[in-house]
Every structure is written in structure tokens, then in C-alpha cells.
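Working notes, structure below.
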Amino acid sequence: MEFQGNLPNKLPQVGTTIFTTMSALAAETNAVNLSQGFPDFQVNPRLVEMVNKAMRIGHNQYAPMPGVRVLRDVIQRKVKRLYNADFDVDQEITITAGGTQGLTTTILSTIREGDEVILFTPAYDSYAPIIELAGGSPVYVQLKHPTYLPDWDEFKQVVNHRTRMVIINTPHNPTGAVWSKGDFDMLATILNGTNIMVISDEVYEHIVFDGHQHHSVLSHPELQHRSFAVFSFGKTFHATGWKLGYVIAPANLMAEFRKVHQYEVFSVNAPLQYALAEYMQDDKVFEIAEMYQQKRDFFHNLMANTKFKPIPSFGTYFQLYDYSALSDENDVDYAMRLTREAGVATIPISVFFNVPRQDKVLRFCFAKSESTLAEGAKRLHSWSNA
Ligand SMILES: Cc1ncc(COP(=O)(O)O)c(C=O)c1O
């Protein structure tokens, strides 16, 4: 018999996500799938061998609650090397089940009923539902088309005594925008004298192009004491299915985080943590930007023959294209039609807004092999020039 009770709907706005819809449509229509953000190439075989080794030698039981010590050690050294920031291995670094759990646990451990959390839209889709689950309210500030950088005057207008947190994301999904040091300085100036915390979603920290530099919240002297920084091994090592990442925050904030973390997951995948600790001994493994820049440029050159207009991508493995020369349709309809008729699946970016805004742009994921990118561009070329 079916459950007849009155099911309390905790997330009434949430239905099937566009990622599920587009990937299902791509599979059904045999389209080249440039929608969801994951690589179609393999993890380094050396890392796979290190995972095998970790399992063979018996690292198969619960890891310590904050994560395996040797992994936290290499993270601490990495953060010192890249961001000149000193964080305590025992108290300030925690290994999580991907960036997603890092975000969720941070929000659940800090946001209470009635708190407001400021988000910049378009925004990664997991932020708002978790804020709502925690009893808080998302407050939205729109990033400006086509740079997708914040308007600090608009941001200032929404800060008030209920604001508990701001979520920032650079390099930015879905737009590829990258914050300058000046953006961080503006944020610091506005937050100065408040108790507002920051989540800095830096899962694409190593994918920054054209000589731009990733600025981490961890290196900002006025922001680091109020911030949680969230990272993802999945994004960096082409292993999104591993769902492993970490969070760094000052001890007082991390203590609250861990109270939730220990009952939410207690600890995460042990053998992967040992393998990553071994793999990350070599600093070169983080040098992935050039490979992605080549992919971006490869796709960009092929797309130059189409009527899709690129919006510069300075980081991440996403590239926006403006389709306004091709159609007046809204982006969801257009993306569906592109999948069915041209055979290429993309993501319409209106879905990253609370109230869909029609910039007439689609997000393409270029974390794909050259043959996939070439086939996608070929199909778009013949379709858009037909
Ligand atoms: C901006 C952003 N944050 C967080 C995540 C989640 O990272 P993970 O796959 O490690 O959970 C993603 C994944 O797409 C992302 O794009």
C-alpha cells in the first residue's frame, strides 16, 4: 500500500534539475553532451594505482573524523605555497564528500531560522536549497551581463542586520568569470565591522586562463578570519565521481562545522584520501590550467565558423555562447531544440537565476576530448549555417 500520510515538503520549489533533464535528453537523442560539468577523459593512471595500493595495504576502515592526517598535511603545505596562508592541520582543515558536502555542512552549521544569505546570480544550484533547509532565506544580487562580475553598490543595498553570510564563487560556474583582488577588497570593505561570514566556493581554483591568477579568500587578510573556503578534488583530478573535497576555515568556525560533519558523514572515503596524499606530494599535479586552456581555445577556434558569439571565459571548464544572432527563443526552449535538432546538449543559464533572466546565452562544458569537442562544433556549424 502506498504511503498515505501528509508528506511535509521541505523544498517545494525543487523539481528535476536541468542537468538531469538535459543529460537524459542527450542520451535519448544521441546528442554530443556538453551540458553537465564533468570530464570525458580519464584520471591519471598513477593515481588509480595509488588508490589500488591504498586498498591493498588495508586502508579500508573509517578515516579519522576530520580526514586522514597525511592528506591534511599536504593540503596545509599547498595552501601555504599557493596562497601564503597558514592554517592549522588539526583544527582548520576538514576532508569532505566533495565540494557539495563542504557547502552543505558549512550552511547547516552556521545558518539559523531568519538568517539571510546573499548569493550572486547566476549561482551554482545547490546553494539556495540548503539555505532554505537550514531555515534561512537566500537574497539575490544579479551579476552583470556580459562580464558577470558583481555590482558592489547593488550588493551594499541588500546587506542588513539579518545578513549572516555571503556566498562567493570564483572562478565562476556557469560564466567563467574570475574575481580580481579588487573584488575581494570591495567585499572586505563592505563587510568590515559586521559579523557576516563568507563561503568562498573555489572548486575551480586551478583552472584559470590567460595569465589570470586565482585569488583565494584564504590569502585575504581581512576576509580569511570570517571565511570558509570550499575545494574539490573531483574538479582538479578529473574524478568528479569520487566526490571528495575539503574545507578550510579558522578554528572557531571549523569547530562548528565539525559538529555537523561528524553526525552528517562522520568521515569520508579512506583509501582515496591516502592515495590523494601520495599523489599530491608532486606539486605538478595541480598544473591543469594549460590543458584546459588548450581545450577552450580548440573549441573556440572551431566555433568561430558559427553564429554563436563567445563571452570570454577566464576560468573553469565552461564557456558561454550568445545565441541572439540565431534565435529569439528563451534559453530553455532553445537548448532543448539544439539538443534535438543539432544534436548538441548544453545548459541554458537562466536556470541559475532565482527568477530566470534571459541573457540568451548557453553554457558549454569543454572538459571533453578533442574528438567530442570537434564533433559538437561540427554539428553546431552545419545546423547554425543551414
Ligand atoms: C561552483 C561549484 N561548486 C561546487 C561544486 C560541487 O563540487 P563536488 O563535485 O566536489 O561536490 C560544483 C560542481 O559542479 C561547482 O560547479
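For ligands, and for the atoms within them, numbers begin at 1 and follow the listed sequence. Just so it is clear, the model here is predicted, and its values are computed rather than measured. Any value given below was found using the heavy atoms of this structure, including those in side chains, with hydrogens, waters and symmetry copies removed.
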Quiz item: So does K360 pair up with D331, basic N to acidic O under 4.0 Å?
Solution: no
Using a 3.5 Å cut-off and no angle test, enumerate the donor-acceptor pairs between side-chain atoms of residues 239-248 and protein atoms at least two apart in sequence or in another chain.
{"unit_1": "K243", "atom_1": "NZ", "unit_2": "T100", "atom_2": "OG1", "d": "3.1"}
{"unit_1": "Y246", "atom_1": "OH", "unit_2": "K78", "atom_2": "NZ", "d": "2.9"}

Self-check item: Residues lining ligand 1 [heavy-atom distance under 4.0 Å, listed by chain and residue number]
Solution: G98, G99, T100, L103, Y124, N169, N173, D201, V203, Y204, S232, K235, K243
Quiz prompt | Residue among Y148, F353, Y140, F155 satisfying ring pair (Phe, Tyr, Trp, His ring centres under 6.0 Å) with F120 | solution = F155
Quiz item: Is there any ring-ring contact (aromatic ring centres under 6.0 Å, His included) pair reaching into residues 182-203, and which pairs are they, with sequence neighbours excluded?
Solution: W179-F184
Quiz prompt | Contact list for residues 93-113, test ring-ring contact (aromatic ring centres under 6.0 Å, His included), sequence neighbours left out | solution = none
Practice problem: Would you verify whether the NZ or CZ of K368 falls within 45 degrees of the ring axis of F299 while also being under 6.0 Å from that six-membered ring's centre? | Solution: no
